[in-house]
Amino acid sequence: MTFDHSIKIAPSILSADFANFGGEIAAIEAQGADWVHVDVMDGHFVPNLTFGPPLVKAIRKHVTTFMDVHLMIAPVDPYIDAFAEAGSDMITAHVEAGPHIHRTLQAIRAADCKAGVSLNPGTPLESIAHVLDLVDMVLIMTVNPGFGGQKFIPSQIDKVRRLRAMIGDRPIHIQIDGGMTPQTAPMVVEAGADVLVAGSAVFMGGSVDSPGVYGENIAALRHAAEAARG
Ligand code: DX5
Ligand code: ZN
């Protein structure tokens, strides 16, 4: 299969109605979402708590596209098998979450999932240079992880550009997470990103009863991003 360089919009269900994940996922997928982004937080690695493996497994039944699970937990290694068994298509771990990211990524692939590695805004790219041949995606955080609705940190744009050069022709996606809007998306796409996570910018103003708003929000992100590709 050839590598898919197209722009992919991955709504983060952190901004969805937590009492109705089934309905919310059906709505965003019907309205054009390419992936479903699931933010797992532990109240320790980040100052917020969200879902564990049983909830991710319940969500899985509703995902027909691609379930992208972003683990903001430390330690991470003891939970990889549980999130794989919950049906994750991709598991992304933070390089800051443990001392042995190489081992973590090997464990994700051994569990038959695509492997992603994520960097907080303060973490240099050099920290992942040794694992580029073990990953399917690098996630550049453009906010400090923990909450939706934060402001995009522009200093990360240059990091995306340098990552793009570092990756060369390897089949690795560059995902951006945090503060994505039709204004910020073109800047990271121009720098080399192809997967855009968006919470507030997708769910803002819509609901399962007005799903067309999700469609308009997803289309606005996609059009802005695609225009940046020229
Ligand atoms: C933040 C999460 C994000 C969050 C993004 O720690 O990883 O996925 O949902 O939310 P927005 O798009 O509102 O910045
Ligand atoms: Zn995320």
Side-chain angles (χ1 to χ4, degrees), residues 7-18 21 24-25 28 31 33-52 55-56 59 63 65-74 76 79 83 88-97 108 113-123 136-157 160 173-189 193-206 213-214 216-218 220-222 224-225:
I7 297 292
K8 289 160 285 293
I9 307 295
S12 162
I13 58 166
L14 189 63
S15 294
D17 174 359
F18 274 36
F21 280 132
E24 292 277 40
I25 289 166
I28 54 172
Q31 295 295 327
D34 298 293
W35 293 9
V36 175
H37 183 82
V38 181
D39 286 306
V40 176
M41 304 186 183
D42 68 351
H44 163 76
F45 181 72
V46 290
N48 195 5
L49 278 165
T50 58
F51 336 118
L55 187 49
V56 173
I59 288 169
V63 177
T65 54
F66 186 84
M67 190 166 77
D68 166 36
V69 176
H70 177 192
L71 298 183
M72 287 161 275
I73 64 175
V76 61
Y79 301 100
F83 283 105
S88 306
D89 292 305
M90 169 95 76
I91 295 180
T92 298
H94 272 258
V95 67
E96 308 86 358
I108 294 172
C113 294
K114 301 267 189 207
V117 65
S118 181
L119 287 83
N120 285 332
T123 305
D136 301 286
M137 185 174 83
V138 178
L139 164 52
I140 300 291
M141 291 303 304
T142 43
V143 297
N144 295 299
F147 302 96
Q150 302 183 86
K151 205 166 170 294
F152 176 78
I153 302 174
S155 62
Q156 300 307 299
I157 298 168
V160 176
H173 297 291
I174 299 180
Q175 183 178 58
I176 309 296
D177 188 2
M180 281 293 94
T181 67
Q183 287 70 45
T184 56
M187 301 188 243
V188 292
V189 168
D194 64 314
V195 188
L196 307 178
V197 175
S200 340
V202 166
F203 287 92
M204 184 182 48
V213 177
Y214 296 160
E216 288 163 20
N217 291 343
I218 290 169
L221 281 164
R222 193 187 307 281

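First listed ligand is number 1; within each ligand, the first listed atom is number 1.
- Close N/O approach between S15 and ligand 1 is not found [any backbone or side-chain N/O within under 3.5 Å].
- Contact annotation: G146 has at least one heavy atom less than 4.0 Å from an atom of ligand 1.
- Atom OH of Y79 has 12 or fewer heavy atoms from other residues, nucleotides or ligands within 6.0 Å.
- No heavy atom of F152 sits closer than 4.0 Å to any atom of ligand 1.
- Of all protein atoms, those that are N, O or S and lie under 2.8 Å from the Zn ion (ligand 2) total 4.
- Residue M72 approaches ligand 1 through these ligand atoms, each under 4.0 Å from one of its heavy atoms: 6 (O), 7 (O).
- Put simply, the side chain of D68 never gets that close to the backbone of V36: no donor and acceptor are under 3.5 Å apart.
- Polar contact with ligand 1: present for G149 (N/O pair, distance under 3.5 Å).
- Between F21 and F51, the ring planes are perpendicular. Angles over 60° get that label, and only those under 30° would be called parallel.
- For ligand 1 and G178, the ligand atoms under 4.0 Å from any heavy atom of the residue are 14 (O).
- Shown here for I218 and A33, the closest heavy-atom pair between the two residues is CD1-N, 3.8 Å.
- Between the side chain of S12 and the backbone N or O of A198 there is no donor-acceptor pair closer than 3.5 Å.
- Scanning for side chain to side chain contact (heavy atoms under 4.5 Å, CB included) contacts around P145 gives V46, M72, H94, N120, P121, M141, with sequence neighbours left out.
- Contacts with ligand 1 closer than 4.0 Å are made by side-chain heavy atoms of S12 only, the backbone lying farther away.
- Heavy-atom minimum distance, I73 versus M41: CG2-C, 4.2 Å.
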